[in-house]
Amino acid sequence: MSTDISRYTITAALPYANGPVHIGHLAGCYLPSDIYARYQRKQGRELIFVCGTDEHGAAINMKAQAEGVQPKEIVDKYHAIIRDSLKDIGISFDIFSRTSNETHHKTAQEFFKEMYKNGSLEEKTTAQYYDPQAGQFLADRFIMGECPNCHFAEAYGDQCENCGTSLSPTELISPKSRLSGAAPELKETKHWFLPLDHLSDKIKSYIQSHKDWKPNVYGQCMSWLESKDGLQARSMTRDLDWGIPVPLDDAEGKVLYVWFDAPIGYISATKELLGDAWVDYWKKDDTKLVHFIGKDNIVFHCITFPAMLMEHGGFHLADEVPANEFLNLEGKKISTSRNWAVWLHEYLEDFKGQEDVLRYVLTATAPESKDNDFTWLDFQTRNNSELVAILGNFVNRVQVLMQKYYDGAIPAASKLETVDEEALTEVAAAPTTIEESLEKYRFREALSRMMSLARLGNKYLADQEPWKRIKDQPQRTATIMYVAAQITAQLSQMMEPFLPFSAAKLQEDLGMENWAWSECSRKEFLAPGSKIASSGHLFSKVEDKIIEAQKDKLEAMAKAAQGPSYEPVKDEIQFEDFTKLDLRVGTIVSAQKVKKANKLLHLEVDLGFETRTIVSGIAEHFSPEELPGTKVSVVANLAPRKLRGVMSQGMILMAEDSDGKLTFTSVPESMPNGSIIR
RNA sequence: GGCGAGGUAGCUCAGUUGGUUAGAGCGUCGGAUUCAUAACCCGGAGGUCACGGGUUCAACUCCCGUCCUCGCUACCA
């Protein structure tokens with residue numbers, strides 16, 4: 001890894017094709033990767049920048065089913081939206097592929113076969129639910145039944161949406177297939193697992209050879225590697241009909257696990273782009289492999305995927321994984337299901353021609369070292385007082401003055417004074433300082449260093465006051481304007497990775513090309529006599545009412561998404577079913593936290609005829625001190641269950657609103673403990 | 001509860017081989033200016049560096065403890 005770098009493989013996390021891309025994705029992954037790729041291209045480095053949609057997995061299957069369409073329709077729709085919106089915001093992928101295409105299917109299958117041949121995969125047979133009517137095995141999500149825990153009737157096979165418990169399908173009481181409604185049968189099925197424990201040391205020394213990785217990345221990896229349970233084997237296959245068929249004889253109806261095939265998508269995309277030359281970008285050690293991802297993907301890219309590559313053999317492992325944290329929106333977590341998001345394709349509609357504004361704001365506020373907040377007010381401020389007032393304004397001043405005094409033709413400088421020399425020295429030094437930041441993945445710092453060129457320009461003009469000198473010092477004025485023109489030219493070059501649209505526009509005004517990075521460490525970009533045109537302001541102000549409209553839109557969309565989110569009414573039951581429940585009035589006599597659990601409270605509840613111990617998961621909603629004396633409704637005949645070492649003998653009834661907030665179901669104070677509720 | 005990351009000016013952040021009055025951008029206040037989209041330029045105010053101990057001649061920086069935020073994980077109505 002210390003060898004000289006001959007080429008770069010830059011990947012951006014594959015967006016999952018079950019929804020559009022929002023500003024969080026952009027800030028966390030696509031913008032930084034694009035800035036990096038554009039910068040390295042300008043450096044003249046050989047590189048590929050690959051991405052594509054991730055189109056497999058049970059979630060897409062589910063969504064298709066919910067909408068009553070084929071999975072293919074879902075992924076086609078979102079692939080197009082994602083591809084177009086990323087292109088329109090200027091993300092300069094060399095290829096934007098998709099995991100549903102043939103090259104990828106073949107590549108993933110070959111990869112799997114090779115691992116199989118190497119003996120890296122462990123075959124295990126387990127009992128899984130099977131739908132006899134639909135004739136297929138059921139993914140966890142495809143099974144519904146009664147939660148063993150809270151007895152919610154529509155718990156899914158992986159999790160109960162009502163009480164949040166993680167489940168395995170076999171725990172469900174009276175399970176039903178969501179495909180046909182039939183009762184599923186347990187049937188033996190075979191899957192292929194990737195054991196990781198034996199790789200633990202190898203992975204650890206790999207991670208430890210990258211101590212320079214960002215603390216969040218390095219820390220999280222070591223946290224996993226040093227966890228007491230060790231690295232668990234993960235199943236690399238699923239019983240599903242949407243995905244890449246497992247390329248083995250005895251694997252009818254089985255597909256590769258989506259997390260297995262997705263990262264191979266980077267490789268397939270490279271093949272698609274380069275043909276046989278893909279090998280250079282993935283197997284040679286003089287290649288630098290950089291994965292841009294969000295923090296949710298760290299473990300996968302730093303541990304699982306490298307493990308897959310190690311087991312397959314012959315691959316070069318990631319050199320850098322500059323993962324970002326999360327971006328919040330107006331103080332709240334971005335949420336697709338609550339529709340709390342600024343969607344990229346909608347931004348592009350609402351802010352036509354202002355692609356660079358979003359790029360600027362999201363780069364300036366990118367969550368590089370900790371979660372960060374995007375607000376529309378901040379968006380407006382940064383646009384108006386940074387892009388418009390500093391950058392756009394400086395460029396415009398130069399263009400206007402040049403036009404006014406010299407008809408747009410750059411004058412020749414006479415003798416350079418110290419201030420001129422100093423300014424030009426800074427101009428020539430800009431690439432070096434910006435490069436320093438970019439090579440360390442400090443994009444916000446790089447952006448700010450780029451902006452200081454504009455600040456330098458504004459100060460230079462203010463100090464030199466050409467508008468005063470034009471009257472009686474024509475030679476001095478010419479020199480000043482010559483210098484100002486060079487600053488502008490350098491700006492147009494240094495802007496390019498960050499603000500490609502504005503850079504192109506400015507370069508055109510200046511009659512320049514997008515120069516190589518190495519050509520930019522200079523003092524003269526534009527010779528005297530070359531023309532500077534002006535095609536109008538680079539940026540325009542964002543008015544208050546635009547911001548208000550966006551904020552209103554956000555609230556309205558969130559409200560609409562939240563409106564009809566009532567739980568569906570459960571299946572009808574008979575009166576006898578109801579009478580099985582023994583509900584009683586009780587009073588909490590004492591409450592204390594259960595140790596080593598932060599959601600559980602150990603309650604003693606007086607039921608009149610006896611006092612019960614009940615463990616309740618309400619510790620995040622109530623403090624123990626406020627509870628004694630509270631009248632509650634209790635399920636008195638629930639089978640006892642041990643929770644965190646404490647035997648719980650019953651359950652307290654709670655009401656929950658759509659935000660997950662809990663309250664006790666009220667019982668009048670006057671009702672004696674032990675009274676029956678029916 | 002365990003593990004990881006973070007807690008520095010109104011806002012967004014930089015600052016660790018410990019060392020003079022803790023920095024930047026934006027905002028704010030005052031001044032100056034008019035080439036420029038009331039933009040630009042200069043200056044000021046503004047910080048118990050989450051809190052409490054400890055090590056040291058010296059701590060934002062090292063050690064111990066506590067609190068808060070985020071993530072993973074356990075546990076859960």
Side-chain angles (χ1 to χ4, degrees), chain A residues 147 149-150 152 160 162-166 214-229 294-296 298-299 325-326 328 333 361 364-375 377-378 381-382 384-390 392-405 442 444-445 447-449 451-452 454-455 457-470 477 481 484 536-541 593-601 614-622 635 641 643-646 648 651-656 660 662 664:
Chain A
C147 173
N149 210 10
C150 69
F152 175 63
C160 172
N162 187 51
C163 69
T165 309
S166 296
K214 290 167 67 167
N216 58 337
V217 176
Y218 186 82
Q220 195 175 338
C221 292
M222 291 312 283
S223 162
W224 266 66
L225 288 163
E226 282 170 358
S227 90
K228 54 185 179 300
D229 302 332
K295 70 170 161 184
D296 50 331
I298 290 174
V299 169
E325 301 284 305
F326 285 152
N328 293 327
K333 233 171 276 192
V361 174
T365 190
E368 281 178 10
S369 55
K370 60 181 177 189
D371 289 0
N372 210 344
D373 197 25
F374 173 94
T375 65
L377 188 63
D378 183 57
T381 306
R382 286 190 188 275
N384 293 357
S385 59
E386 296 180 30
L387 285 180
V388 173
I390 295 172
N393 184 39
F394 168 66
V395 170
N396 184 242
R397 295 170 84 181
V398 174
Q399 289 175 319
V400 168
L401 288 173
M402 203 63 81
Q403 209 57 48
K404 224 184 243 184
Y405 301 160
R442 295 166 160 243
R444 37 197 309 167
E445 182 180 80
L447 182 71
S448 141
R449 288 180 173 185
M451 286 296 285
S452 52
R455 290 191 193 94
N458 276 320
K459 182 169 167 49
Y460 179 78
L461 285 185
D463 290 347
Q464 300 312 311
E465 302 181 304
W467 49 90
K468 280 189 180 164
R469 305 194 188 207
I470 187 69
T477 308
M481 290 312 297
H537 296 299
L538 242 28
F539 305 100
S540 52
K541 287 212 159 184
K593 288 210 64 169
V594 173
K595 52 182 187 298
K596 295 191 176 185
N598 50 2
K599 290 186 184 175
L600 298 181
L601 286 185
I614 295 179
V615 178
S616 184
I618 56 174
E620 289 178 337
H621 301 268
F622 302 96
V635 182
R641 183 176 165 152
L643 299 170
R644 273 282 149 190
V646 184
S648 178
M651 188 174 122
I652 311 265
L653 297 186
M654 307 295 298
E656 179 181 11
L662 297 179
F664 291 102

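Chain identifiers are assigned alphabetically (A, B, ...) following the order of the sequence lines, protein sequences preceding nucleic acid strands; residue numbering begins at 1 within each chain.
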Can a side chain N or O of A:N372 be found less than 4.0 Å away from OP1 or OP2 on B:C13?
-> yes
Would you indicate, yes or no, if B:C72 has its OP1 or OP2 atom less than 4.0 angstrom from a side-chain nitrogen or oxygen of A:K295?
-> no
Distance between C1' atoms of B:A50 and B:A58 (Å, rounded) | 23 Å
Separation of the C1' atoms in B:G6 and B:G15, to the nearest angstrom | 15 Å
Closest to the A:L600 side chain: B:C76, B:C40, B:A77?
-> B:C76
Atom CG of A:D463 to atom P of B:U34: distance rounded to whole Å?
-> 14 Å
Using a cut-off of strictly less than 4.0 Å, decide whether A:R641 has a side-chain nitrogen or oxygen near OP1 or OP2 of B:C76.
-> yes
With rounding to whole Å, what would you report as the distance between B:C76 and B:G1 at their C1' atoms?
-> 14 Å
Any strand is fair game: report the nucleotide pairing with B:G1 by Watson-Crick or G-U wobble, both distances under 3.5 Å, or none.
-> B:U73
Nearest-angstrom distance from the residue atom CH2 of A:W224 to P of B:C72 = 11 Å
Using purine N1 to pyrimidine N3 plus N6-O4 or O6-N4 for Watson-Crick, or N1-O2 and O6-N3 for G-U wobble, both under 3.5 Å, which nucleotide pairs with B:C40?
-> none
Separation between CG (A:N393) and NE2 (A:H537), nearest 0.5 Å, reads 8.5 Å
Are A:S369 and B:A14 close enough that a side-chain N or O sits under 4.0 Å from OP1 or OP2?
-> yes
With both distances under 3.5 angstrom, what nucleotide forms a Watson-Crick or G-U wobble pair with B:C62?
-> B:G54
Considering only B:U37, B:C35, B:G4, which nucleotide approaches the side chain of A:V388 most closely?
-> B:U37
Just checking A:P466: base, sugar-phosphate only, or nothing, at a heavy-atom cut-off of under 4.0 Å?
-> nothing
Could you give the distance separating B:C68 and B:U8 at their C1' atoms, to the nearest angstrom?
-> 16 Å
Which base, if any, makes a Watson-Crick or G-U wobble pair with B:U16, both distances under 3.5 Å?
-> none
A:K295 to A:E325 - nearest heavy-atom pair and separation | NZ-OE1, 3.0 Å
Any side-chain N or O of A:S223 under 4.0 Å from OP1/OP2 of B:U73?
-> no
Return the nearest nucleotide to the side chain of A:D371; candidates are B:A39, B:C70, B:C35.
-> B:C70
G-U wobble or Watson-Crick pairing nucleotide for B:C49 (cut-off 3.5 Å, both distances) = none
Side-chain contact check for A:R442: nearest option of B:G15, B:A39, B:G71 is B:G15
Paired nucleotide for B:C35 [Watson-Crick or G-U wobble; both distances under 3.5 Å] = none
Determine the minimum heavy-atom distance between A:R469 and A:Q464, stating which atoms define it.
-> NE-O, 2.9 Å
Quick one: which of B:G25, B:G15, B:C13 gets closest to the side chain of A:E386?
-> B:G25
In whole angstrom, what separates A:I298's CD1 from B:A5's C1'?
-> 9 Å
Return the value, rounded to whole Å, for the distance between atom CZ of A:R455 and atom P of B:C42.
-> 11 Å
Is the distance from OP1 or OP2 of B:U8 to the nearest side-chain N or O of A:K370 less than 4.0 Å?
-> yes
